[in-house]
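One structure below.
Here is the naming used below: chain letters follow the sequence lines, and residue numbers restart at 1 for every chain.
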2 protein chains.
Amino acid sequence: MIKSNRTEQTIQQIKVSVDCIIFGFNDNKLELLLIKKKDEPEKGKWSLIGGFVGFDEDLDEAANRILSDLSGLQDIYMEQIKTFGKVNRCSFDRVISSTYSAMILKSSYTEDQIEKYNAQWFPITEVPELIFDHNDMVDIAIKRMRRRVRNFPIAFNLLPSKFTLPQLQALYEGILDETLDKRNFRRKVSQMNYLVKLEEKDMTESRRGAFLYRFDEAWYKKEKHFNL
Amino acid sequence: MIKSNRTEQTIQQIKVSVDCIIFGFNDNKLELLLIKKKDEPEKGKWSLIGGFVGFDEDLDEAANRILSDLSGLQDIYMEQIKTFGKVNRCSFDRVISSTYSAMILKSSYTEDQIEKYNAQWFPITEVPELIFDHNDMVDIAIKRMRRRVRNFPIAFNLLPSKFTLPQLQALYEGILDETLDKRNFRRKVSQMNYLVKLEEKDMTESRRGAFLYRFDEAWYKKEKHFNL
DNA sequence: ACAAAAGTGTTAACCGTACACCCATGA
DNA sequence: TCATGGGTGTACGGTTAACACTTTTGT
């Protein structure tokens, strides 16, 4: 990083924000958390969860603080996706924005919070028109997430800590928006030793019941191989 | 992007910069373009090619302007890698920096320019200590580039427009820092129809001569499949 | 007994990898 | 003729993809 010969004044006017793309899972579909803007600019329109970065906070920290401020969600691990920096991306100000994305267990975000924060879940096939370039952000985040979800165990946050294989498969089918072969899917799962079959069954979905599984994170960290 | 309740004052003090990670290829090895800082802060130390983003330029444009200003290299297609935003990443100022990376034909950057801009190529195995978090930036860029180079035809800029297969293979071996099987490599190449074998031979490297090939970009865009 | 979801194996195609010799040429 | 780098094919193992029936249990 080198100082250019542009004046400090010019430089200072760029603002830095973060926008959070939060995925949840419901009814076998992927959903996206959006909020309705209460203030200008763009009051009343739908938006990602975003805000300005504080002078004294890391970019990553800012993402978490903003998510927590505007949704009540805390300690969510988010990954940086991309930084958007077109001059006119935001109508009234010069703002560059780094996007961060996470997947969460939808039930960790209560109806109370939804009302309190003026938020709403949207199926990703029905994302409304968003402010600025937020629709582009969402598109990129979805693509990236679909790529990563097959190679990293990032989707287990979208399920309870004990889950059945039909649930897991439905999750993957919902995320990827394609059907998967049940036997091939289960074979792959059975190769991942850190997906631990429990004694218990979940009896709510069928008469026969389906065995519950658990994702053993510590174990995964030793194997570091994931493929679905 | 939503306004937080932090004051505008606080917000304005964050500066936005871009750092460029430029790879070149020489003597079968990957090299990295660095410049020696002429001014404070960190005068005399090695640094990536970086600078502040202008108020009136897109982030992508800024990357190109800065690269051009500080190295003389023009119209290079760069990809955004990641944005670094730790509070203390830069010793004296609050600066967040987006990194961009490109691979260029080293001979397009003349000795004249190198002297003029106080720049120098370093083998990537011998990158010196850089200012701030620039070494981290380089590490991430190299990893990402090695991943991408196998799936996208981004390395052809490092070769003349006509090249031989031994050249191409040496390029890949140099970039990846591993040896590749000649027959497997050539089989893959022969499956990519947009790598067009010419009638001509290059006679400079051997008595027998090696056939020249050409990368047909338009053709590639139809097939969109690359794997080496 | 039947409906509804859970669970289970085999085969064929494909892809990645390992491996060794002949060819063309100029000196 | 020999030294040098260019060029070629095959066999094995692992991975993916396609495919249909049996099991359990509550009603």
Side-chain angles (χ1 to χ4, degrees), chain A residues 27-28 146-153 159-160 162-193 195-214 223-228, chain B residues 27-28 146-153 159-160 162-193 195-214 223-228:
Chain A
D27 191 26
N28 288 348
R146 284 190 171 143
R147 220 179 318 122
R148 288 182 66 82
V149 80
R150 301 196 83 132
N151 295 306
F152 299 93
L159 292 173
K162 296 174 185 179
F163 51 87
T164 67
L165 295 193
Q167 263 183 300
L168 183 63
Q169 184 174 350
L171 173 66
Y172 267 81
E173 291 181 336
I175 291 175
L176 299 171
D177 193 28
E178 60 187 82
T179 60
L180 302 174
D181 182 273
K182 185 166 45 158
R183 284 170 288 188
N184 294 337
F185 184 84
R186 294 170 92 101
R187 179 174 41 257
K188 285 183 179 176
V189 167
S190 69
Q191 285 161 0
M192 295 187 258
N193 302 314
L195 291 175
V196 183
K197 186 176 185 172
L198 305 176
E199 303 291 313
E200 314 165 63
K201 281 187 165 184
D202 171 273
M203 303 304 292
T204 63
E205 296 296 316
S206 70
R207 305 197 155 110
R208 182 178 180 175
F211 279 103
L212 289 163
Y213 285 70
R214 178 174 63 78
E223 307 214 353
K224 284 265 165 69
H225 195 319
F226 188 90
N227 184 278
L228 277 179
Chain B
D27 190 26
N28 288 347
R146 284 191 172 142
R147 219 180 319 124
R148 287 182 68 81
V149 80
R150 301 196 83 133
N151 296 307
F152 299 93
L159 293 172
K162 295 175 184 178
F163 52 86
T164 67
L165 295 192
Q167 263 184 300
L168 183 64
Q169 185 174 347
L171 173 67
Y172 267 81
E173 292 182 334
I175 292 175
L176 299 171
D177 192 28
E178 60 187 83
T179 60
L180 302 174
D181 183 272
K182 186 167 45 160
R183 283 170 288 188
N184 294 337
F185 184 85
R186 294 169 92 102
R187 180 175 40 255
K188 285 182 179 176
V189 167
S190 69
Q191 285 161 1
M192 295 187 259
N193 302 315
L195 292 175
V196 183
K197 187 176 185 172
L198 305 177
E199 303 291 314
E200 315 165 61
K201 280 188 167 184
D202 171 273
M203 303 305 291
T204 63
E205 296 295 316
S206 70
R207 304 200 154 107
R208 183 178 179 176
F211 279 103
L212 288 163
Y213 285 70
R214 179 173 63 78
E223 308 215 350
K224 283 267 167 70
H225 196 304
F226 189 89
N227 184 278
L228 277 180

Are any of the side-chain heavy atoms of [X] and [Y] separated by less than 4.5 Å?
X        : Y        : answer
B:Val149 : B:Tyr172 : yes
B:Leu168 : B:Tyr213 : no
A:Gln191 : A:Asn227 : no
B:Phe211 : B:Leu198 : no
B:Glu173 : B:Asn28  : no
B:Pro160 : B:Gln167 : yes

Rounded to whole Å, please give me the gap between [atom1] in [X] and [atom2] in [N].
X        : N      : atom1 : atom2 : answer
B:Lys197 : D:dG6  : NZ    : C1'   : 10 Å
A:Phe211 : D:dT24 : CZ    : C1'   : 11 Å
B:Glu205 : D:dA3  : CD    : C1'   : 16 Å
B:Leu228 : C:dT17 : CG    : P     : 12 Å
B:Phe185 : D:dG6  : CZ    : P     : 13 Å
A:Met192 : D:dT15 : CE    : P     : 13 Å
A:Arg186 : C:dA6  : CZ    : P     : 8 Å

| remark: Those residues at least two apart in sequence (or on a different chain) that pass side-chain hydrogen bond (donor to acceptor under 3.5 Å, both in side chains) with A:Arg183 are none

| Of all residues at least two apart in sequence or in a different chain, which pass the side-chain hydrogen bond (donor to acceptor under 3.5 Å, both in side chains) check with A:Lys182? | none

| query | So B:Asp177 and B:Arg146, side-chain contact (heavy atoms from CB on, under 4.5 Å) or not? Walk me through it. | reply | CA-CA 9 Å; B:Asp177 192 28; B:Arg146 284 191 172 142; 3.8 Å; yes

| Sidechain-backbone polar pair: A:Glu223 side chain, A:Met192 backbone, donor-acceptor under 3.5 Å | no

Under 3.5 Å, N/O pairs linking protein and nucleotides 17-21 of chain D:
unit_1 : atom_1 : unit_2   : atom_2 : d
D:dA17 : N7     : A:Asn184 : ND2    : 3.4
D:dA17 : N6     : A:Arg187 : NH2    : 3.0
D:dA18 : N7     : A:Asn184 : ND2    : 3.1
D:dA18 : N6     : A:Asn184 : OD1    : 2.9
D:dC19 : N3     : A:Arg183 : NH2    : 3.3
D:dC19 : N4     : A:Asp181 : OD1    : 3.2
D:dC19 : N4     : A:Arg183 : NE     : 3.4
D:dA20 : N1     : A:Arg183 : NH1    : 3.3

| request: Check each residue of residues 167-175 of chain B for a non-hydrogen atom within less than 4.0 Å of any atom in DNA chain C, then write out the ones that pass by number, or none. | output: none

| Can you list the residues that meet the ring-ring contact (aromatic ring centres under 6.0 Å, His included) rule with A:Phe163, with sequence neighbours excluded? | A:Phe156

| Upstream residue (5' side of DNA chain D) when A:Gln191 and B:Leu165 are each assigned their closest nucleotide | B:Leu165

Listing time: all N or O pairs from protein to nucleotides 25-27 of chain C that are below 3.5 Å?
unit_1 : atom_1 : unit_2   : atom_2 : d
C:dG26 : O4'    : B:Arg207 : NE     : 3.2

